[in-house]
Amino acid sequence: MMTRKISVFFLLCVATFLHEVATAQSLSIFAKQKVVIWEIIDKNDRPLDEGFKRMILASIRDNFVASSDYEVYDVNTVEIEQELSRNGEAASPRNICSKIGEKAEFIVFTEITATASAFGNQQVGIIIQSSLYRIKTTSKIAAEVIKTQATEQSIKSGIASLMSTLFGVNMEDKPKQSPTQTTLRQPAQSSSQQPTQSQTPQKSTSTTTPKLSYEEIDRLYRTGRSLQKLSRHGEAIPYLRRAAEHGNRLAQYNLGYCYYHGRGVLRDYYEAVKWFRKSAEQGYSNAQSYLGYCYKIGRGVPRNYSEAVKWYRKAAAQGHRDAQEALRKM
């Protein structure tokens, strides 16, 4: 009888342990390897349009967000550069990696060169080079170069191809090519040659991303929101992002708010609008009002009064006072 009780107790312990492991794996923020996406490095004599660079940065981020193996770790690039400057150090990959330390495993540096500063012109060529570094050893694992047209569709297609190559690098082994060697790729421009749904990183990994329960997503959001209220914005971002990626509209709004005001991340209106829109489309009035304001003044999106009125009205219909006041003044 005693042996039977001990066996039952042992099995219960094993079952409990396995359950805790499974839960930890599904919730863990650090289950994926963290990647820092550094600010776009403009190699042109005449600086490119900031919105243009933001679009490239957001496209790179979207590819990493869709990955089942890596997640974006946000750092304040301005603070790091200012600290290096105060110490009389150059903003080189080695010095940047030393400042990030063990907070993340990898970092991506992207340089762009264009034949003109204009965006949306098919006659303007652009070269995008991304280099992937291991932070701990400050060693370059891989580098890829693409040459394409300066249109949104062409650039996003090219970046998807470029990032998929970086994803394919074995992060644990030495690179097959020398650290300074790059491969020039010319992405296809015809619609028949564009990446299919089964080929792009966003689609191919969607079925492998672990699904979280409502309670788990809510827990992530509440943890991030609590850190946000304590002004620990940098710590809040990974929690808010994870919950936002799983469709929590409150997390999406708060993540957009952080990007809009530069809390815990570098201010990025393009990224802010992206998350405001996701939340607004789920009916959250604060996000609808913010999105209306962005359209009204042309921040993160082209100025569009009809779109501004549309989103203000949605928020106002829910009793949002700022949106109601904005409509009266328009």
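Computed over heavy atoms, backbone and side chain alike; hydrogens, waters and symmetry mates excluded. Note that the numbering runs from 1 along the sequence shown for the chain.
Residues passing the side chain to side chain contact (heavy atoms under 4.5 Å, CB included) test with S306 are N304, sequence neighbours excluded. Scanning for side-chain hydrogen bond (donor to acceptor under 3.5 Å, both in side chains) contacts around N95 gives S92, with sequence neighbours left out. The side-chain hydrogen bond (donor to acceptor under 3.5 Å, both in side chains) test applied to E235 returns R232, not counting sequence neighbours. In this view, Q282 and Q252 satisfy the side-chain hydrogen bond (donor to acceptor under 3.5 Å, both in side chains) rule, not counting sequence neighbours. Residues passing the side chain to side chain contact (heavy atoms under 4.5 Å, CB included) test with E79, sequence neighbours excluded: N76. Looking at residues two or more places apart in sequence or on another chain, you find a ring pair (Phe, Tyr, Trp, His ring centres under 6.0 Å) between Y260 and Y269, Y290. Scanning for side chain to side chain contact (heavy atoms under 4.5 Å, CB included) contacts around H233 gives Q228, S231, R263, with sequence neighbours left out. Evaluation of the side chain to side chain contact (heavy atoms under 4.5 Å, CB included) rule for S226 yields no partner, not counting sequence neighbours. Annotation: side-chain hydrogen bond (donor to acceptor under 3.5 Å, both in side chains) contacts of T110 (sequence neighbours excluded): S130.
Applying the salt bridge (Lys or Arg N to Asp or Glu O under 4.0 Å) test to residues at least two apart or on different chains, the pairs with a partner in residues 304-319 are E307-K310. Residue pairs meeting the salt bridge (Lys or Arg N to Asp or Glu O under 4.0 Å) criterion with at least one partner in residues 283-305, sequence neighbours excluded, are absent. Note on residues 269-293: pairs passing salt bridge (Lys or Arg N to Asp or Glu O under 4.0 Å), not counting sequence neighbours, are R61-E271, D62-K274, E271-K274.
Here the closest non-hydrogen pair linking W38 and L57 is O-CD1, 3.5 Å. Residue A315 comes nearest to S285 through the heavy atom pair CB-O, 3.5 Å, listed as atom of the first residue, atom of the second, then distance. Between L84 and A91, the closest heavy-atom pair is CD1-CA, 3.8 Å. In this structure, L240 and R225 approach most closely via the heavy-atom pair CD2-N, 4.0 Å.
For the residue pair Y270/D268, the side-chain donor-acceptor check at 3.5 Å is not satisfied. Q318 and Q288 share a side-chain donor-acceptor pair at under 3.5 Å.
Checked against the 6.0 Å centroid threshold, Y133 and F106 do not count as a close aromatic pair.
A heavy-atom distance below 4.5 Å is found between the side chains of L255 and Y259. Considering only heavy atoms from C-beta on, D74 comes within 4.5 Å of I237 through its side chain.
Note that NZ of K99 and CD1 of I135 are 14.0 Å apart. Values are rounded to the nearest 0.5 Å.
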